[in-house]
Amino acid sequence: VSLIEDIVERLKRGDPVALGRLLKELENETMAGYVALKAFEAARPKGLAHVVGITGPPGAGKSTLVGILCKTWAEQGRTLGIICVDPTSPFTGGAILGDRIRMQELAKQPNVFIKSLATRGTLGGIASSTADIVRAFDSFGVDIVVIETVGVGQVEFDILDTADTVVLVNVPGLGDKLQTFKAGIMEIADLYVINQADRPGADESVKDLQQMIHDMETKLWSPPVLKTIATEKKGIKELAEQIERHKQAMQQSDVWGEKRKIRNHKRLRQRIMSLFAAEVDGLIKLDAGVAELVDKVKAGDHDPFTAADRIMEAVRRQMLQRQG
Ligand SMILES: Nc1nc2c(ncn2[C@@H]2O[C@H](COP(=O)(O)OP(=O)(O)OP(=O)(O)O)[C@@H](O)[C@H]2O)c(=O)[nH]1
Ligand SMILES: [Mg+2]
C-alpha cells in the first residue's frame, strides 16, 4: 500500500497520529494532503461537527477562554478539534509560553486534537487550509471544531464567515471602540463576551453591547451578551450553554444546512482560485511576453485591465494546446 492509502486507513480507524500527519499536509497545502483528505472525506459522514469561531482583539483572553471551554466540553465526553490561527500574536508575546503550556495540558486529553497555524504564506492560503482542516476534523468525527483567531483583518473574516457560531470576546471599557467594531467583525458575531469581567467597567460594556444589538436588525437569533472571568473559570458554563442554544436555533431553521452549503461552495471556489493562480504563475514564468506585460503593470506603464484580459487569453490558449 502507498503511504497515502496507509494514512487514510489509519484515519478511518481513528488514529490520532495519522490525523496529525494529515493536518500537517493540509497546512502545507500539499498534493498528498488533498489526495488523502479526498479519500477520507468520501468515506465519512459530513457536516456533523459544530464549528465555533472565537475571535477578538489581542490579549482579550481568547486562548484562556478556549482552554477552559474546551476542557469543560472534553470532560463532558465531547470530541474536539481546535485550530489556533496565529497563536504567536506580536501584541502579547509574553502569553505564548502560557498558551503552549495550556494547550499541552489540553492535548493530553484523548478526545482533544489541536492544530496551530501560523499566518504566513499566500494571501487567502490560511483561509483555505483552515477550511480543509475543519473538514478533516469533521470527517474524523469530532463533535465541535473551535477556531481561535485574532479578530483584526480580512483573513479572519474569511475564516469566520464559514463558522456556524462566532463568539466575539472583548474586555471591559469598550467605549469609543464600539463604533469601529460596529463596522467590521461585529456584524458576524452570534455571541458577545465581555471577558476579564473582574476588571472595572464590565457592566457598562455589557450594557453598551446590548444597546448596540438592540439597534441592529435581528432576525432569528438575538445575540446574547455574557460576562466571563476566564482566569477564574467564571461564566464558562453559561457560555457553553449559549453556544449549544445557538446550534439548536440553527438546526431548527435552515441556517445549519445553509451554512454547510456556503462552506462547501467556498472550499470549491478556493480550490479553483488556487489552481488558477498556479496556472497563471506558471504561465508568467514560461511566457516571456506575459512576464514582460506583468513588469509593465508593476512599473505603472500598463493598465491592469487589458493586461489581465491578455493573460486570461494566454491561459486559455495554453490549456487548449495541452488538450490538443
Ligand atoms: N484579569 C483577568 N485576566 C485575564 C482573564 N482572562 C485572561 N486573562 C489574562 O489576559 C492575558 C491574555 O490572555 P490570552 O488568553 O493569552 O489572550 P488572547 O486573546 O488569546 O491573546 P492573543 O492570542 O495574544 O491575542 C493573559 O495574561 C491571561 O492570563 C480574565 O478573565 N481576567
Ligand atoms: Mg491567544
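Numbering of ligands and ligand atoms starts at 1, following listing order.
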Check this for me, if you would: do [X] and [Y] make a salt bridge, where the nitrogen-to-carboxylate-oxygen distance has to be below 4.0 angstrom?
X	Y	answer
Arg310	Glu313	no
Asp198	Lys234	no
Lys207	Glu204	no
Glu241	Arg245	no
Lys46	Asp138	no

Of all the atoms in ligand 1, which lie at a distance below 4.0 Å from a heavy atom belonging to [X]?
X	answer
Ser63	15 (O), 18 (P), 20 (O), 23 (O)
Val150	25 (O)
Asn195	5 (C), 6 (N), 7 (C), 31 (O)

Heavy-atom donor-acceptor pair, Arg260 side chain to Trp256 backbone, under 3.5 Å: yes
Counting only heavy atoms, which portion of [X] has something under 4.0 Å from ligand 1: side chain, backbone, both, or neither?
X	value
Asp198	side chain
Glu148	side chain
Thr64	both

N, O or S of Ser63 under 2.8 Å from the Mg ion (ligand 2): yes
Identity of the N, O or S atom of Glu148 lying closest to the Mg ion (ligand 2): OE2
What I want to know is whether [X] and ligand 1 share at least one N or O pair that is separated by under 3.5 angstrom.
X	answer
Ala197	no
Arg199	no
Thr228	no

Sequence neighbours excluded - side chain to side chain donor-acceptor pair (under 3.5 Å) pairs with any residue from residues 272-300: Glu279-Arg322
Lys227/Asp203 under salt bridge (Lys or Arg N to Asp or Glu O under 4.0 Å): CA gap, chis, key distance, verdict: CA-CA 8 Å; Lys227 272 196 300 186; Asp203 290 326; 2.6 Å; yes
Nearest candidate to atom 12 (C) of ligand 1, where distance is taken over non-hydrogen atoms, out of Ala230, Gly59, Ala60: Gly59
Best match, Thr149, Thr231, Ile229: closest heavy atom to atom 5 (C) of ligand 1: Thr231
Heavy atom of Lys234, distance to ligand 1 below 4.0 Å: no
Qualifying salt bridge (Lys or Arg N to Asp or Glu O under 4.0 Å) pairs, either residue in residues 52-62, two or more places apart: none
